[in-house]
> 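Quick one: this structure, given as structure tokens, is what I'll be asking you about.
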Amino acid sequence: MATLRSEIREFLDQQPVKMYVDGEWMEALNQGTFEVRDPGDGCVIANVASGDARDIDRAVEAARWAFRRGTWASLPANDRAVYLHRLADLVDRDRAILAQLESLDVGKPLAQSTGGDIPNVSATLRYYADLSVHTRRYEPIAVSGHEARTVRLPFGVCGFIFPWNFPLLLVGWGIAPALAAGNCVVIKPAEDTPLTTLYFCKLVQEAGIPKGVVNVVTGLGETAGAALAEHPGLAHASFTGSPEVGRKVAESCGRNLVPVKLELGGKGAAVLFDDIDVDAAARSLAGAITLNTGQVCCTATRWVAHKKVVDRLVDVACGALSKVSIGHGLDEGTLMGPVVSEKQRQRVLGYLERGEREGASVLLRGGPHQVEGHPGGYYVKPSLLTGSPENVCAREEIFGPVAYIIPFEDEAEAIDLVNSSNYGLANSVWSSDLSRANRVAERLVAGNSWINAHNVFPHGVPYAGCNLSGMGGGVLGPETLLHYLRAQSIVRPL
Ligand code: NAD
């Protein structure tokens with residue numbers, strides 16, 4: 001395994017790793033801590049401050065003061081953009097450190113963190129910094145007998161709760177538009193993977209972003225997370241995670257009449273017609289279901305395939321999936337790491353068992369896996385199942401390297417199969433007939449339809465969910481910046 005960089009060893013050796021509030025590094029007021037483990041071998045790698053409602057109070061108060069002082073909110077957009085670019089430069093400078101820490105914490109292959117997650121964070125900061133400079137804050141309104149305009153202003157304190165699968169990348173997607181708009185933020189990262197979010201705060205500090213503008217409270221969901229969601233000091237909230245917890249967060253925000261954005265789970269489908277290069281599509285989908293060990297909200301978990309291509313699809317995909325090199329995220333040559341925790345491993349194995357009990361046929365037997373040299377790691381092999389679309393593995397989000405194949409005969413049936421899901425995050429259509437691909441893409445009920453590819457996230461294209469997959473307009477689009485600006489009209493009778 002690659003040696004840990006000295007910066008990371010020093011960071012993790014703090015006892016405990018502290019949270020970042022009001023520009024200071026702090027222990028939890030109750031002195032509590034929780035353990036963070038390396039999913040690749042199950043060992044404890046850090047003790048992290050475990051905040052609760054009092055720490056959330058302290059952070060929201062700090063953010064409120066920072067907002068009122070105006071050291072961030074009142075800056076011209078281009079001055080804020082300079083800070084955000086500086087922060088992006090620091091993320092790029094420390095890319096190797098952040099990538100190693102992310103891979104250690106989440107278990108993902110180092111190449112993915114280095115080439116994917118971390119550069120995406122700086123790209124997101126730059127995208128919203130630049131967009132905010134070119135976004136009009138003043139719109140004149142033509143009404144007779146009045147001078148009138150709309151002004152767009154930041155909300156105040158925005159609370160963010162994040163999941164564990166793409167920790168720092170999602171922090172970027174979440175907070176970059178909020179900060180560019182002039183808000184102050186309080187972040188509650190997932191307890192399984194809080195480390196890069198904390199390390200990022202060192203860069204926030206170094207970039208000179210005024211104190212209180214970015215605050216991170218680490219802690220458990222039921223304590224720190226719940227306290228943030230129900231805090232009356234929030235002006236805006238955003239939650240990324242499961243629909244079950246999303247509902248609780250929305251209820252809390254609803255009680256305080258705080259607007260909330262929800263980015264939730266999915267059960268993405270890939271619809272494969274019979275005019276495609278089956279081998280290429282099979283390899284691509286094998287890549288999609290093993291990316292981040294299948295712990296990707298929108299990935300292709302249901303392969304809705306024309307019956308003429310099913311056999312070849314299965315052959316090639318089984319071949320590709322059996323060859324995926326499974327290992328510790330920091331080991332050279334690893335293409336798929338462990339899942340994030342023992343709890344997640346049990347969840348995946350539990351679904352495989354239930355799926356088979358409900359009659360699914362196993363095309364590729366996955367399940368528990370041992371990696372030499374890492375006996376305590378949370379490894380699972382990829383699985384490919386087929387059977388009834390009513391099977392639990394075809395309906396529910398498993399969040400592991402498991403795909404379910406469902407054959408179809410005609411276009412209408414394929415669309416029905418995809419739309420039978422309660423989720424509505426993302427699907428893909430694979431066909432060389434682009435007019436058919438576009439037609440079907442529009443008929444699939446979800447926030448996103450991709451054509452001849454899966455998992456596509458260019459900055460500027462909104463990424464959102466409907467139904468059980470989310471509400472509030474999503475992330476990554478130009479509108480996302482506007483979600484963090486409230487409109488106020490100003491009018492004077494003439
Ligand atoms: P989760 O819902 O269990 O936890 C998400 C966050 O909520 C964590 O920080 C957790 O500590 C916190 N939390 C837990 N209980 C809470 C409570 N009662 N009140 C407030 N906060 C609480 O989700 P997870 O297991 O971390 O992540 C996996 C889920 O996230 C999957 O469903 C996945 O599809 C979804 N996800 C969605 C997107 C998207 O953009 N749509 C992106 C990534 C992950």
Side-chain angles (χ1 to χ4, degrees), residues 34 36 39 48 50-53 56 105-106 108 117 120 124 159-174 186-194 197 216-231 234 237-255 258 260-268 291-299 301 339-341 343-348 351 396-400 421-426 446-448 455 457 462-477 480:
F34 62 90
V36 173
V48 176
S50 185
D52 62 20
I56 291 288
D105 204 6
V106 187
K108 59 182 77 193
D117 294 35
N120 192 283
T124 309
F160 288 87
I161 300 175
F162 290 110
W164 45 256
N165 59 340
F166 287 89
L168 196 57
L169 177 146
L170 292 175
V171 165
W173 287 11
V186 177
I187 301 167
K188 207 299 277 174
E191 49 271 49
D192 282 316
T193 60
T197 306
V216 174
V217 176
T218 39
L220 307 185
E222 309 78 50
T223 47
L228 183 58
E230 62 199 30
H231 203 290
L234 296 187
S238 161
F239 171 83
T240 310
S242 62
E244 298 75 29
V245 178
R247 242 186 221 116
K248 293 187 193 171
V249 169
E251 279 167 16
S252 299
C253 291
R255 272 194 297 276
V258 170
V260 60
K261 283 163 74 68
L262 300 177
E263 322 299 338
L264 307 176
K267 190 72 190 172
L291 173 73
N292 216 35
T293 322
Q295 303 162 118
V296 181
C297 48
C298 53
T299 209
T301 55
V339 293
V340 77
S341 61
K343 183 176 159 205
Q344 190 60 23
R345 201 174 82 100
Q346 289 306 328
R347 176 185 167 102
V348 175
Y351 269 112
E396 296 186 11
E397 184 180 37
I398 299 173
F399 229 48
S421 174
N422 294 328
Y423 289 100
L425 189 51
N448 315 269
N455 296 333
F457 313 99
Y463 173 65
C466 63
N467 300 336
L468 269 197
S469 295
M471 63 177 208
V475 291
L476 274 185
T480 316

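Whatever order the structure lists them in is the order used to number ligands and atoms, beginning at 1.
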> Under 4.0 Å, heavy atoms only, figure out whether ligand 1 is touched by the backbone of Leu228, its side chain, both or neither.
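Neither; nothing of Leu228 gets under 4.0 Å from ligand 1.
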
> Checking contacts here: is it the side chain or the backbone of Val296 that comes within 4.0 Å of ligand 1, counting heavy atoms only? Could be both or neither.
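It is neither; nothing of Val296 touches ligand 1.
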
> So do the side chains of Phe239 and Ser252 get within less than 4.5 Å of each other, counting heavy atoms only?
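No, too far: nothing below the 4.5 Å cut-off.
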
> Would Lys108 and Phe166 count as a cation-pi pair here, with the cationic atom under 6.0 angstrom from the ring centre and within 45° of the axis?
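Because its charged atom sits under 6.0 Å from the ring centre and within 45° of the axis, Lys108 does stack over Phe166.
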
> Would you mind listing which atoms of ligand 1 come within a distance below 4.0 Å of any non-hydrogen atom of Thr240?
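Per the distance check, 5 (C), 37 (C), 38 (C), 39 (C), 40 (O), 42 (C), 43 (C).
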
> Side chain or backbone of Pro163 under 4.0 Å from ligand 1, or both, or neither, by non-hydrogen atoms?
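The answer is both, backbone and side chain.
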
> Of the backbone atoms (N, CA, C, O) and the side-chain heavy atoms from C-beta on, which set of Leu264 has a member under 4.0 Å from an atom of ligand 1: side chain, backbone, both, or neither?
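The answer is the backbone of Leu264.
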
> Please list the nearest protein heavy atom to atom 38 (C) of ligand 1 with its residue and the distance rounded to 0.1 Å.
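The closest one turns out to be Cys297 SG, 3.2 Å.
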
> Side chain, backbone, both or neither: which part of Gln295 comes within less than 4.0 Å of ligand 1 when only heavy atoms are counted?
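Within the 4.0 Å criterion, Gln295 makes no contact with ligand 1.
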
> Report the distance from atom CD of Gln344 to atom CG of Asn165, rounding to the nearest 0.5 Å.
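Gln344 atom CD to Asn165 atom CG measures 9.0 Å (nearest 0.5 Å).
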
> Identify, by atom number and element, the atoms of ligand 1 in contact range of Glu191, meaning under 4.0 Å from any of its heavy atoms.
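Selected atoms, number and element: 10 (C), 11 (O).
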
> Do any nitrogen or oxygen atoms of Leu170 come within less than 3.5 Å of a nitrogen or oxygen of ligand 1?
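By distance alone, the answer is no.
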
> If we ignore angles and hydrogens, is there a donor and acceptor under 3.5 Å between the side chains of Asp105 and Trp164?
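The criterion, which ignores hydrogens and geometry beyond distance, is not satisfied for Trp164 and Asp105.
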
> State whether any protein heavy atom lies less than 4.0 Å from atom 27 (O) of ligand 1.
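It does: a protein heavy atom is found less than 4.0 Å away from atom 27 (O) of ligand 1.
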
> With the side chain counted from C-beta on, respond yes when Thr301 and Ile398 share a heavy-atom pair under 4.5 Å apart, and no when they do not.
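Result no, sub-4.5 Å side-chain heavy-atom pair not found.
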
> Determine whether any heavy atom of Tyr463 lies closer than 4.0 Å to an atom of ligand 1.
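Distance cut 4.0 Å: Tyr463 passes for ligand 1.
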
> Students should be able to answer this: which protein heavy-atom is nearest to atom 17 (C) of ligand 1, and at what distance?
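Of the protein heavy atoms, Gly221 O, 3.5 Å lies nearest.
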
> Would you say the side chain of Pro189 lies within less than 4.5 Å of the side chain of Thr218, judging by non-hydrogen atoms?
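Thr218 reaches Pro189 side chain to side chain.
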
> Below a 4.0 angstrom heavy-atom separation, can you tell me which part of Phe239, side chain or backbone, both or neither, approaches ligand 1?
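For Phe239, only side-chain atoms sit under 4.0 Å from ligand 1.
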
> To check your reading of the model: name the closest protein heavy atom to atom 34 (O) of ligand 1, its residue, and the distance in Å.
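Heavy-atom neighbour on the protein nearest atom 34 (O) of ligand 1: Glu397 OE2, 2.5 Å.
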
